[in-house]
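Presented below is the structure to which this report refers.
These figures come from a predicted structure and were not determined experimentally. We count residues from 1, following the sequence as given.
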Amino acid sequence: MALPSAKPIVFSPWNDPDATPLIRIRGVSKSFGDFLAVNNVDLDIYPGEFFSLLGASGCGKTTLLRMLAGFESPTDGRIFIDGVDMTGIPPYERPVNMMFQSYALFPHMTVAQNVAFGLKQDGLSKKKIAEKAKEVLDLVQMSAFSERKPNQLSGGQRQRVALARSLAKEPKVLLLDEPLAALDKKLRGQTQLELVNIQDRVGITFVMVTHDQEEAMTMSARIGVMNAGFIEQVGTPVEIYEYPATTFVADFIGTANMFDGVVALDEQNRTVVDCAELEAQLTVGHSSGVAVGAPVTVMVRPEKMTVQREAPQDGLNSVHGVVSDIAYLGDISIYHVRLNSGRKVQVALTNLRHTSEQRLTWDDEVYLTWHPANSLVLVQ
């Protein structure tokens, strides 16, 4: 397999109106009896992209992946891969390969035999099989283990072998079903970046299913957040985190403080929201495009807030409360602040000082403030 050079730092074909998607999903739904697992999904995925379907269990992400693979057929809609309608095309004739969560390695075969299995099925010569097997094992740094059986490998090593076997047939699309779920947390973190680097080198389009937010944020060029069969939002990790399109996405990705209110003023560079639960007006540093009087939610991430003991002079986006709980996580501390209304708000502060020098403790009275540019209006 020839390895092209790594893709450029700026990779955003979805912003190019002339770019042609490799995968086009149009109006795809899937029902199991009365249960609608996937609901009218439209999605484009581009050549060379690492795309993740992210969501909780039962949201439809695995069902959508299985329809791409051909293991399930859409109840409605069409899936196109490289311009070809996949309707009626069986899994073994699709230009895709799938890496399963269990890795599905043959226990009686060596590493080299596992990798070569699909190539033998395709009728390649022994010489070509040996060359390709060595090439992909070199790629995943497993050549030294080629004669071992799967039960002689660690979880991380089995994962690499499964990846090598999936890449050996040079599919146009590699589908990954929770590929790192079986690894421990530390190894999972190391493997995430290794997998991204391998995908960069081979240039194959990866589509991954995961419920792990950190995994999706770390590895993906773009993420599709799924909920109850719908795709709530598609965007880059930065877009998904900083500019969630819905309250579901804001709450599902990371941690968010969300305050309900009604729009009191909407101008070109700011929106003012009356928030009854805080007995305050909140200012957001952009126009929401929402009519005055409309119900909205103001979102503020915990790390966007600042904490101080003295009342701020201008009072803009300021609330008063008492520290009720502290979670020390090493690099950061999470402070739970109970406001005068009884509502609890989370604030994340980087631990720049030694733990014995922590500036805040339980029952401290504090003021929370945030810049208008660090909040977002979400329509309810």
Any Lys/Arg nitrogen of [X] or [Y] sitting under 4.0 Å from an Asp/Glu carboxylate oxygen of the other?
X	Y	answer
Arg26	Asp44	yes
Lys126	Glu131	no
Lys344	Asp325	yes
Glu365	Arg309	no
Lys132	Glu170	yes

Are [X] and [Y] linked, directly or through other ILVMFWY residues, by side chains that come within less than 4.5 angstrom of each other?
X	Y	value
Leu54	Leu180	no
Ile223	Tyr46	no
Val323	Val319	yes
Val196	Val209	no
Val284	Leu278	yes

Side chain [X], main chain [Y], donor-acceptor under 3.5 Å:
X	Y	answer
Thr271	His286	yes
Ser143	Asp138	yes
Thr110	Arg148	no
Glu93	Pro90	no
Gln346	Ala256	no
Asp251	Thr247	no
Gln233	Ala245	yes
Thr210	Asp212	yes
Ser288	Val290	yes
Lys169	Leu119	no

Within 45 degrees of the axis of the six-membered ring of Tyr241 and under 6.0 Å from its centre: does Arg301 put its NZ or CZ there?
yes
Establish, for the pair Arg165 and Phe106, whether the NZ or CZ atom is under 6.0 angstrom from the six-membered ring centre and no further than 45 degrees off its axis.
yes
Could you give me the CA-CA distance, side-chain angles and deciding distance for Leu65 and Leu176, then say whether side chain to side chain contact (heavy atoms under 4.5 Å, CB included) is met?
CA-CA 8 Å; Leu65 194 78; Leu176 303 103; over 6 Å; no
Flag side-chain contact, heavy atom, 4.5 Å: [X] against [Y]:
X	Y	answer
Gln281	Thr283	no
Arg158	Gln152	no
Leu137	Leu139	no
Val345	Met305	yes
Val173	Ile204	no
Ile23	Val207	yes
Val262	Val273	no
Val41	Ser29	no

Taking every non-hydrogen atom, the tightest pair across [X] and [Y]:
X	Y	value
Gln113	His108	OE1-O, 4.4 Å
Val263	Ala291	CB-O, 3.6 Å
Pro21	Pro47	C-CD, 4.3 Å

How are the rings of [X] and [Y] set to each other: parallel, tilted or perpendicular (split at 30° and 60°)?
X	Y	answer
Phe100	Phe71	parallel
Phe252	Phe248	parallel
Tyr367	His320	tilted

Are Met86 and Phe80 close enough, and set up right, to give a side chain to side chain contact (heavy atoms under 4.5 Å, CB included), and what steps lead you there?
CA-CA 6 Å; Met86 292 290 109; Phe80 301 85; over 6 Å; no
Pair Phe145-Leu153, side chain to side chain contact (heavy atoms under 4.5 Å, CB included): steps then yes or no:
CA-CA 8 Å; Phe145 302 87; Leu153 303 175; 4.1 Å; yes
Would you please test Leu174 and Val96 for side chain to side chain contact (heavy atoms under 4.5 Å, CB included) and show each step?
CA-CA 6 Å; Leu174 181 61; Val96 306; over 6 Å; no
Any donor-acceptor N or O pair under 3.5 Å, side chains [X], [Y]:
X	Y	value
Glu232	Thr246	yes
Ser333	Asn351	yes
Ser287	Asp266	yes
Asn317	Thr369	no

More than 12 heavy atoms of other groups within 6.0 Å of Glu277 CD
yes
Qualifying residue, where the test is side-chain contact (heavy atoms from CB on, under 4.5 Å) with Ile198 and the options are Leu193, Leu163, Val136
Leu163
Quick one: which of Arg24, Arg78, Arg94 gives a salt bridge (charged side-chain N to carboxylate O under 4.0 Å, His left out) with Asp85?
Arg78
List in chain and number order the residues that pass salt bridge (charged side-chain N to carboxylate O under 4.0 Å, His left out) with Arg160, two or more places apart in sequence or in another chain; answer none if no residue qualifies.
Glu194
